[in-house]
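Presented below is the structure to which this report refers.
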Amino acid sequence: MGLIDRRIGLLFVAFVALLVIALSRAAYLGTIEAGSLRAAAATQQVTTVPVPALRGAISDANGTELAVSETADNVTADPLLIKDPADAARRLAPLLGLPQTAIQARLSEHRGYVVLAFDLPTAQAKSVMGLAIPGVSLIPQVTRNYPQNSLAAQVVGWVGDQDQGLSGIEYRYNSILGGRKGVRRVVSDALGQPISIDDVHSAVPGKAIKLTIDSALQAEVEQVLAGVGSTAAPKGATAIVMNPNTGAILALANWPGVDANDISGASSQDLEDRAVEFNYEPGSTFKAVTVAGALQDGTITPSTEFEIPPYLQVYNQRISDAENHGYLTYSVAQILKYSSNIGADEIAMHKLGPQRFNYWVHRFGFGQPTGVDLPGEESGVVPAYSQWSGTTIATLPFGQGLEVTPIQIATAYAAIANGGILRTPHIVQSIAGKAVAVPRGQRIISPTVASEMRQMLRGVYADGGTASGAAIPGFDLAGKTGTANVVVNGHYSSTEFIASFVGFVPASKPKLEVMVMVDEPSQGSIYGGAVAAPAFAQIVGWAVPYLGIDPCPGSCPSEPTSLAQP
């Protein structure tokens, strides 16, 4: 009996010891660890879910939607809570639009979280939750769509996976369009089914932005550029249509186009907005700056004549015109009409001088951004006056040796068109229904000089002018061609060129300005008058009646004006 009693005693002692340990552990968990355990339990039953804000819409001047956001949901599941994967998959398949076998495979995985569908429209998502399948839940999302697909894609831009603007207006105004995310508190039962959903902080939708562009005009401009692309096979092209009196951009197109809903196949170059991001040598379109500056300084008049030799030798630089000629006499008006490089140099070197010419380059806004409300604007490249060589004054006057952007050229010519005011171009009309204030602009040339410039720029359409091949009967047009060699490996190429044209209508009192730039046309002619000017004419010919502009108020020239080369 003594042995049995000892064994019973030992078992009793062991039982008491285990009881003490258990009570001690319970006391520890109920006191010291109570807070953390309660928090752990709460996190298993209560979750906070970020609620994305509905991004503000982007529309054109007439209210046509270019970018819109819609609510959606990701459908998720916890396979560990799915008792019958086959039955759940059978019920979910019609609502998710997925094969039953694929859903069943996901629900049979040995982990606690899988995504069954991304960005399911809200109505469908509610139907999914109506099935009341334990373990299936929703995560709110917002999808961004571009109803017009490629229309003005590089202008409007696009967003990334996190609903952050990556380019264009989407990027420039991301904080305004994006709104503020909300927070949702979800309490679930032991099976993972939500039993209460409360918005702790409601999402604040972003503000809508209305642009100045007109979708119909934008579509026409893009179609014209597509035609240039098919016939001239350039690396790219851009066109800007502007109201020169306000600086409002009515259309801004780039070719090749991209689909904003799917940019995966587009190259980085195609994604650029060339109007503001592309630096190039302007060529003869820059001659208007040289002439306008000298007119404003009073050193020339439109009828001032210059002896134009066959070429100019300035140090080691030999300057010639596009076509060989003997000794000629040109007036200032003829220098613009025939686009004489030598004539532009004679004005800059002998009537302006290097310092005043440099002043006018910067006065017209070159070498600095225009301030247009688009992201990524380049400043162009203007050599600092302190770094000029002896030949700089012989190349800059006809647009060689410096770089500009298409928007800079359009802005400078708008000042000539509107009577002498350099205005900041803009593309945003209103935010949340409130009109955006437009800068007043600054006068850079007198109304008289601007009028003289417009009159002389009519000459490029006349017989022998550099744009004599794209006439529009009954239209009073003015403008300037440009053809510039591209620098390749530090030398000017004899086969690669930038062709451009900028002009306005009606010349007497312009209501519309169009700038076209074609990057390295590789088929047919390379001249601005033959490549860019006809595109200008097509755009103007469509836009003028569409916008209700009188193309020739008062009396028109007896013969139609027209457009041709360098």
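Each residue takes its place number in the sequence, starting with 1.
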- Polar contact flag, side-chain donor to acceptor under 3.5 angstrom, Glu377-Thr370: yes

- Closest non-hydrogen atoms of Thr483 and Ile526, given as atom of the first, atom of the second and distance, are CG2-O, 3.6 Å

- CD of Gln164 to CG of Asn174, rounded to nearest 0.5 Å, is 4.5 Å

- Query: Any salt bridge (Lys or Arg N to Asp or Glu O under 4.0 Å) pairs touching residues 489-517, not counting sequence neighbours?
  - Reply: none

- Item | Least distance between heavy atoms, Pro309 atom then Glu346 atom | CD-OE2, 4.2 Å

- Task: Can you measure from CG (Leu252) to CG (Leu211) and round to the nearest 0.5 angstrom?
- Result: 10.5 Å

- Task: May I ask you to test the Val156-Tyr146 pair for a side-chain heavy-atom distance under 4.5 Å?
- Result: yes

- Under the side-chain hydrogen bond (donor to acceptor under 3.5 Å, both in side chains) rule, collect the residues that match up with Asp519, sequence neighbours excluded. Arg274

- Item | Closest non-hydrogen atom pair, Val436 against Ser430 | CG2-CA, 3.9 Å

- Item | Test item: Asp373 side-chain N/O and Ile427 main-chain N/O as donor-acceptor pair under 3.5 Å | yes

- Under a 4.5 Å cut-off applied to non-hydrogen side-chain atoms, are Ile409 and Ser500 in contact? no

- Item | Any Pro521 side-chain heavy atom under 4.5 Å of Thr231 side chain | no

- Query: Measuring from Phe497:CZ to Glu281:CD, what's the distance to the nearest 0.5 Å?
  - Reply: 12.0 Å

- Message: Can you tell me how far apart OG (Ser389) and CD (Gln317) are? Round to the nearest 0.5 Å.
- Response: 8.5 Å

- Message: Please check if the number of heavy atoms outside Gln162 that lie under 6.0 Å from its CD is greater than 12.
- Response: no

- Message: Could you check whether any side-chain N or O of Tyr413 sits under 3.5 Å from a backbone N or O of Thr285, counting only pairs where one atom can act as donor and the other as acceptor?
- Response: yes

- Query: Mind checking whether Glu403 and Gln408 have side chains closer than 4.5 Å, heavy atoms only?
  - Reply: no

- For residues Trp360 and Phe357, establish whether the separation of their ring centroids is below 6.0 Å. no

- Task: Taking the side chain as every heavy atom from C-beta outward, state whether Val438 and Arg423 have any pair of such atoms under 4.5 Å apart.
- Result: no

- Query: Would Asn62 and Ser215 satisfy side chain to side chain contact (heavy atoms under 4.5 Å, CB included), going step by step from the backbone distance to the final call?
  - Reply: CA-CA 8 Å; Asn62 301 313; Ser215 289; over 6 Å; no

- Crowding at CD, Gln442 (>12 non-hydrogen neighbours, <6.0 Å): yes

- Message: Using only atom types and a distance under 3.5 Å, with no angle test, would you say the side chain of Asn358 pairs donor to acceptor with the backbone of Tyr385?
- Response: no

- Note on the structure: Minimal heavy-atom distance between Asn485 and Ser493, with the atoms involved, is ND2-O, 2.9 Å

- Query: Which residues pass the side-chain hydrogen bond (donor to acceptor under 3.5 Å, both in side chains) test with Thr304, sequence neighbours left out?
  - Reply: Thr301

- Contact check, side chains of Val514 and Val505, non-hydrogen atoms, under 4.5 Å: no

- Is the side chain of Ser339 donor-acceptor paired with the backbone N or O of Leu336 at a distance under 3.5 Å, no angle test? no

- Sequence neighbours excluded - side-chain hydrogen bond (donor to acceptor under 3.5 Å, both in side chains) pairs with any residue from residues 532-546: Asp214-Tyr546

- Message: I'd like to know if the side chain of Thr290 and the backbone of Pro397 have a donor-acceptor N/O pair within less than 3.5 Å.
- Response: yes

- In terms of heavy-atom contacts, does OH of Tyr171 have more than 12 from other residues, nucleotides or ligands at under 6.0 Å? no

- Closest non-hydrogen atoms of Ala292 and Val449, given as atom of the first, atom of the second and distance, are O-CG1, 4.0 Å

- Item | Pairwise distance OG(Ser230) to CH2(Trp255) - rounded to 0.5 angstrom | 8.0 Å

- Message: Could you check whether any side-chain N or O of Ser267 sits under 3.5 Å from a backbone N or O of Asp270, counting only pairs where one atom can act as donor and the other as acceptor?
- Response: yes

- For the residue pair His325 and Tyr338, establish whether any side-chain heavy-atom pair is separated by less than 4.5 Å. no

- Item | Inter-residue atom distance Ile416.CD1 - Met453.CE, 0.5 Å rounding | 4.5 Å

- Query: Is the backbone N or O of Gly293 less than 3.5 Å from a side-chain atom of Gln296, with the two atoms forming a donor-acceptor pair by type?
  - Reply: no

- Query: Got a sec, which pairs hit salt bridge (Lys or Arg N to Asp or Glu O under 4.0 Å) with one end in residues 232-257, sequence neighbours left out?
  - Reply: Lys235-Glu520

- Message: Please check this pair: side chain of Thr411 against backbone of Ile407, looking for a donor-acceptor N/O pair closer than 3.5 Å.
- Response: yes

- Would you confirm whether Thr405, through its side chain, and Val276, through its main-chain N or O, come within 3.5 Å as a donor-acceptor pair? no

- Message: Please determine whether side chain to side chain contact (heavy atoms under 4.5 Å, CB included) holds for the pair Asp345 and Val314, giving the CA-CA distance in whole Å, both sets of side-chain angles, and the decisive distance to 0.1 Å.
- Response: CA-CA 10 Å; Asp345 276 356; Val314 182; 5.6 Å; no

- Message: List the residues meeting side-chain hydrogen bond (donor to acceptor under 3.5 Å, both in side chains) with Thr238, not counting sequence neighbours, and say none if there are none.
- Response: Asn254

- Could you walk me through whether Val332 and Phe306 pass the side chain to side chain contact (heavy atoms under 4.5 Å, CB included) check? CA-CA 8 Å; Val332 171; Phe306 290 85; 3.8 Å; yes

- Message: Taking the side chain as everything from C-beta on, heavy atoms only, tell me whether Val404 gets closer than 4.5 Å to Met517.
- Response: no

- Message: side chain to side chain contact (heavy atoms under 4.5 Å, CB included), that's the test. Do Val381 and Leu402 meet it? Break it down for me.
- Response: CA-CA 6 Å; Val381 180; Leu402 79 167; over 6 Å; no

- Query: Between the main-chain N or O of Glu170 and the side-chain N or O of Arg55, is there a donor-acceptor pair closer than 3.5 Å?
  - Reply: yes

- Note on the structure: Tightest non-hydrogen contact, residues Ser320 and Asn341, listed as O-ND2, 3.1 Å

